[in-house]
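Report on one structure; see the data block that follows.
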Protein chains: 2
Amino acid sequence: MKKKITSNAFDYIKGRILNFSFLPGVKISDEEIAKIFGTSRSPIREALNRLVEQGLVEYRTNRGFTVKVFTRKEVADLYILREALECLAVRLTTQSIDDGHGVESLENLLSTYPAIMESQDIARFNEIDERFHDLIALYSNNSALHGALQNLHGKIRIIRRYDHLRIGSFQNTYEEHQLILKHIVSKNVEEAVRLMSLHILKSMKLVLPIVPEQS
Amino acid sequence: MKKKITSNAFDYIKGRILNFSFLPGVKISDEEIAKIFGTSRSPIREALNRLVEQGLVEYRTNRGFTVKVFTRKEVADLYILREALECLAVRLTTQSIDDGHGVESLENLLSTYPAIMESQDIARFNEIDERFHDLIALYSNNSALHGALQNLHGKIRIIRRYDHLRIGSFQNTYEEHQLILKHIVSKNVEEAVRLMSLHILKSMKLVLPIVPEQS
DNA sequence: GTCAACATTATTGTCGACAAAATGAAAAAG
DNA sequence: CTTTTTCATTTTGTCGACAATAATGTTGAC
């Protein structure tokens with residue numbers, strides 16, 4: 001088995017960005033990462049270039065790499081795009097879900113919500129929340145869509161950091177997910193899509209005011 | 001003025017992929033590109049890693065970089081995603097188009113179609129075709145959406161290579177674009193969206209059979 | 001002639017070094 | 001004191017080299 005430093009570094013840096021260990025705006029020094037990995041800077045730079053293209057990292061010539069900072073406008077744009085994509089995912093998934101164990105997976109996931117809500121573990125709850133949406137994207141059986149949504153979720157995760165009041169909306173999210181799934185299972189496409197749209201837009205309204213106005 | 005080899009190489013390689021000078025499946029040797037640029041391989045590799053993340057180039061460990069080959073399923077997925085995004089773009093653009101010179105630009109563009117149709121210049125026609133869609137994405141005033149669509153168009157361009165019968169459909173495309181714009185201008189959102197959807201799906205039906213079945 | 005084992009060559013991944021550019025600190029000018 | 005200039009330090013972009021891996025070619029057994 002090989003090392004493939006680039007790929008490891010990619011995961012490592014992305015991980016630290018997504019769990020807020022690297023905060024928006026901070027510099028990511030290739031030299032430092034290289035030291036951490038005990039390697040040279042070349043593979044680290046390759047990883048960073050990948051992350052730039054993924055939209056999580058920003059780069060300015062002769063000035064290095066920083067974690068991307070999103071303006072409020074950008075966040076709104078992301079959510080509007082996300083709404084369209086999630087609705088498409090619901091549409092496609094509803095059509096094709098019986099061809100597999102998709103319903104099962106989703107219902108299993110839903111059944112784990114209460115325990116986690118009980119525990120008040122925000123990070124964990126956000127994880128399964130994201131997983132719910134990811135599963136729907138997955139069962140849409142459209143890899144381009146799935147990829148696009150994963151990319152969006154990454155960016156939105158960075159933003160969600162500001163969003164700590166979410167404890168109150170756990171119950172809400174749970175109920176909405178349940179209802180969406182119910183309509184997916186019963187092939188009620190239009191209603192499922194309508195609910196998903198509301199679900200995303202509601203989330204946007206919660207998040208937007210918390211994002212700092214300017215970069 | 002700086003050089004920024006990475007960025008130049010990125011544009012150069014992407015350009016050659018998009019104008020079919022690098023065909024799907026062929027190896028892109030970093031060493032060769034480095035020779036062309038008269039530089040070392042490091043900045044070339046950084047550029048290639050960016051292109052990998054953009055989905056135009058594929059990478060396998062210890063085996064180098066190749067131009068991405070799309071399967072027919074992937075192409076179908078791309079078009080379905082594209083339909084959703086283009087429709088969203090039409091929706092947003094219709095709402096906001098009077099706040100600028102958007103209509104003008106689009107009408108100007110449309111007015112250049114006949115001459116190019118006359119000339120039978122396929123490449124040039126595909127260019128303005130793409131430009132029409134890009135302008136709509138631009139005037140949607142949603143940078144996330146615009147970016148996602150640009151990315152999609154890049155991938156679809158690779159596929160379009162197989163599509164050489166398009167001369168016949170010039171007239172068709174022209175009329176459809178005219179009609180779509182007309183409904184955008186007159187704020188007839190739903191009809192504009194409906195027509196755009198048909199426009200994309202028709203294109204998909206044309207392209208799909210031409211894509212080689214398997215990778 | 002086919003095929004496996006081995007040897008040769010080419011390619012890929014990573015390294016350490018260094019010049020150019022930016023940053024920050026100190027000195028000079030106002 | 002501020003502002004500007006100069007200089008030292010750090011960071012960034014690129015290079016050329018090399019070991020590890022894969023691709024290719026050669027040989028000989030069957």
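Chain identifiers are assigned alphabetically (A, B, ...) following the order of the sequence lines, protein sequences preceding nucleic acid strands; residue numbering begins at 1 within each chain. Note that this is a predicted model, so its numbers are computed, not measured.
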Grab the [atom1]-[atom2] distance between [X] and [N] for me, whole Å please.
X: B/Lys35; N: C/dA10; atom1: NZ; atom2: C1'; result: 11 Å
X: A/Tyr59; N: C/dA22; atom1: OH; atom2: P; result: 11 Å
X: B/Leu48; N: C/dT11; atom1: CG; atom2: P; result: 15 Å
X: B/Asn49; N: C/dT12; atom1: CG; atom2: C1'; result: 13 Å
X: B/Ile5; N: C/dA19; atom1: CD1; atom2: P; result: 16 Å
X: A/Glu46; N: C/dT14; atom1: CD; atom2: C1'; result: 9 Å
X: B/Ile44; N: D/dT14; atom1: CD1; atom2: P; result: 9 Å
X: A/Lys27; N: D/dT12; atom1: NZ; atom2: C1'; result: 10 Å

Q: Would you indicate what B/Thr39 reaches in the nucleic acid, counting non-hydrogen atoms under 4.0 angstrom: base, sugar-phosphate, or nothing?
A: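 If one applies the 4.0 Å heavy-atom cut-off, B/Thr39 turns out to touch the sugar-phosphate alone, with no base involved.
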**Q.** Sugar-phosphate only, base, or nothing, as touched by B/Phe65 at under 4.0 Å among non-hydrogen atoms
**A.**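 Counting heavy atoms under 4.0 Å across all strands, no contact is made by B/Phe65.
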Short side-chain N/O contact from [X] to OP1 or OP2 of [N], under 4.0 Å:
X: B/Lys4; N: D/dT14; result: yes
X: B/Ser42; N: C/dC15; result: no
X: A/Ser40; N: C/dT14; result: no

Q) For DNA chain D, whose closest nucleotide is more 5', that of B/Arg63 or that of A/Arg60? A)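 Per heavy-atom nearest nucleotide, the more 5' residue is A/Arg60.
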Ring-plane angle category for [X] and [Y], please: parallel below 30°, perpendicular beyond 60°, tilted otherwise.
X: A/Phe125; Y: A/Phe170; answer: parallel
X: A/Phe132; Y: A/His177; answer: parallel
X: A/His133; Y: A/His199; answer: parallel

Q) Name the one of A/Arg157, A/Arg160, A/Arg82, A/Arg124 that satisfies salt bridge (Lys or Arg N to Asp or Glu O under 4.0 Å) with A/Glu130? A)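 When salt bridge (Lys or Arg N to Asp or Glu O under 4.0 Å) is applied between A/Glu130 and each of A/Arg157, A/Arg160, A/Arg82, A/Arg124, only A/Arg157 qualifies.
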Q. Does B/Glu31 pair with B/Arg41 as a salt bridge, N-O distance under 4.0 Å?
A.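 A salt bridge is absent here (no side-chain N lies under 4.0 Å from a carboxylate O).
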Q) Which of the following nucleotides, C/dT12, C/dT14, D/dT12, is nearest to the side chain of B/Ser29? A)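 Nucleotide nearest to B/Ser29's side chain: C/dT12.
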Q: Map A/Arg41 and B/Glu31 onto DNA chain C by nearest heavy atom, then report which one ends up closer to the 5' terminus.
A: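 Looking at DNA chain C, the more 5' nearest nucleotide goes with B/Glu31.
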